[in-house]
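In this chain, numbering begins with 1 at the start of the sequence shown. In listed order, ligands and their atoms are each counted from 1.
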Amino acid sequence: MRLDAFMAAANARYYATHDPFKDFVTAPEISQAFGEVLGAWAAVGWAAMGHPAPVILAEAGPGRGTLMADACRLIGRVAPDFAAAAHLHCIETSPKLRAVQATRLPRATWHDSLDTVPPGPLILLANEFLDALPIRQFVRRSPGWTERWVVDGAPVERPVVPDAPLPPAADGEIVEIGEAALAWTTAVASRLVAHGGMALIIDYGPAESAPGDSLQAIQGGHPANPFAAPGAADLTAHVDFQAIATAACAAGAAVFGPIPQGPFLVRLGLFQRIDRLARGAPAAQVAALIAAGQRLVEPDRMGRLFKVLAICHPLLPVPAGFEE
Ligand code: SAH
């Protein structure tokens, strides 16, 4: 199978059969303040959009539904008009995770892809979603290129004439193209331009350069061979934020970022929120709340590798957290 088909099939099996949260921890599972400040981000965005009612509040790849449950709880408290106007939609392919999400988000509607989410103004959140989408890998073998396929549990290279020009690369260098992520971004941006709204993408990847070879597998919490046991490990690749931004701009949307997650969360008031949660709590719990917040923002932990990118209707103001 070509690498992208292999990755799509392996991940579909992985997410349908595993509890991925035994293998890795994501930001909303670390601190409830993460989903809460993103709920505040969405509420500010909704006001900037002119308080459309109804409005679609959607999440791509909601995992356990924690982020959206935390966001909705905060929205219900601080922006009841937004809560009343919002129709909740989840884009999720895994039946197992849909069932978990339904326990947290009983009023949501589920979709296999963005295509069936009804038209209209949209606020879309996606945390660690794009890194799960399949990639293609090309290897420079002067004077041409090869592409990576997976045969009998091992990667092989096959000569290829790329369908689009690839960036210059040294002999033997791998160029990764996240076609699925780019197609998704184009679809999101086109929707936002046509119907209004904004999307927030949070994932890990370099801010400026292309990722190179970033395919990785995590099995049982440890790095694993990505090719050996399809469906047993979570396969991810770094997100090429420059390519994503270019695709969104080409569709007519405005793009903000990518900026590192740390300063973004601090600007949104993560620690003010944690301070609130800590009030009156026993000392051990206060320490745990603060440590969780630090894990999300410190540069040598999740604060720098993770980036945040907003895609907006071109007439909207700068979204919260992206001010210069
Ligand atoms: N956003 C969550 C979960 C991240 S894991 C969190 O931050 O905790 C990736 C999520 O994307 C899982 O819910 C997985 O089932 C979902 N997913 C992976 N590939 C998908 C696809 N092609 N379409 C829709 N959902 C997908």
- Query: Which of the numbered atoms in ligand 1 are below 4.0 angstrom from a heavy atom of Phe21?
  - Reply: 3 (C), 8 (O)
- Closest to atom 17 (N) of ligand 1 by heavy-atom distance, out of Thr93, Ile30, Leu97, is Thr93
- Message: Under 4.0 Å between a side-chain nitrogen and a carboxylate oxygen: does that hold for Arg136 and Glu176?
- Response: no
- Item | Region of Thr26 that comes within reach of ligand 1 [heavy atoms, distance under 4.0 Å] | side chain
- Hey, are the side chains of Val255 and Phe241 touching, using non-hydrogen atoms and a 4.5 Å cut-off? no
- Message: When you measure from the heavy atoms of Asn11 to every atom of ligand 1, does any distance fall below 4.0 Å?
- Response: no
- Tell me which part of Leu67 gets within contact of ligand 1: side chain, backbone, both or neither, using heavy atoms under 4.0 Å. neither
- Which of the atoms of ligand 1 are close to Ser94, meaning less than 4.0 Å from one of its heavy atoms? 15 (O)
- Task: May I ask you to identify the nearest protein heavy atom to atom 13 (O) of ligand 1, giving residue, atom name and distance to one decimal place in Å?
- Result: Glu92 OE1, 2.6 Å
- Message: Any heavy-atom pair between the side chains of Leu265 and Phe34 that's under 4.5 Å?
- Response: yes
- Could you tell me whether Glu128 and ligand 1 have an N or O pair separated by under 3.5 Å? no
- Is it the case that Glu29 and Thr66 place a side-chain donor and acceptor less than 3.5 Å from each other? yes
- Message: Closer than 4.0 Å to some heavy atom of Phe129 - which atoms of ligand 1 meet that?
- Response: 11 (O), 20 (C), 21 (C), 23 (N), 24 (C), 25 (N), 26 (C)
- Between Phe24 and ligand 1, does any nitrogen or oxygen pair lie at a separation below 3.5 Å? no
- Message: Which of the numbered atoms in ligand 1 are under 4.0 angstrom from any heavy atom belonging to Leu133?
- Response: 22 (N)
- Is there any N or O on Tyr15 that sits under 3.5 Å from an N or O of ligand 1? no
- Note on the structure: With heavy atoms and a 4.0 Å threshold, my read on which part of Pro28 contacts ligand 1 is side chain
- Give a yes or no on whether the backbone of Glu36 and the side-chain of Arg273 come within a donor-acceptor separation of less than 3.5 Å. no
- Query: Are Val117 and Ile311 co-members of a hydrophobic cluster defined by side-chain heavy atoms under 4.5 Å apart?
  - Reply: yes
- Message: What I'd like to find out is whether the side chain of Phe264 reaches to under 4.5 Å of the side chain of Trp41, using heavy atoms alone.
- Response: yes
- Nearest non-hydrogen atom to atom 10 (C) of ligand 1 belongs to which of Ala126, Gly61, Pro95, Pro20? Gly61
- Message: Taking 4.0 Å as the limit for heavy-atom contacts, which would you say applies to Glu59 with ligand 1: side chain only, backbone only, both, or neither?
- Response: side chain
- Message: My understanding is that only one of Arg2, Glu147, Arg148 makes a side chain to side chain donor-acceptor pair (under 3.5 Å) with Gln137; could you say which?
- Response: Arg148
- Message: I'd like to know if Arg295 pairs up with Asp300 as an ion pair, taking the criterion as any Lys NZ or Arg NE/NH1/NH2 lying under 4.0 Å from an Asp or Glu carboxylate oxygen.
- Response: no
- Check the side chains of Gln101 and Glu92 for a donor-acceptor pair under 3.5 angstrom, ignoring hydrogens and angles. yes
- Item | For Asn127, atoms of ligand 1 separated by under 4.0 Å from a heavy atom | 1 (N), 2 (C), 4 (C), 6 (C), 7 (O)
- Can you list the ligand 1 atoms lying under 4.0 Å from a non-hydrogen atom of Gly63? 2 (C), 3 (C), 13 (O)
- Message: Show me the pairs that pass ring-ring contact (aromatic ring centres under 6.0 Å, His included) and involve residues 127-181, at least two apart or across chains.
- Response: Phe129-Trp184
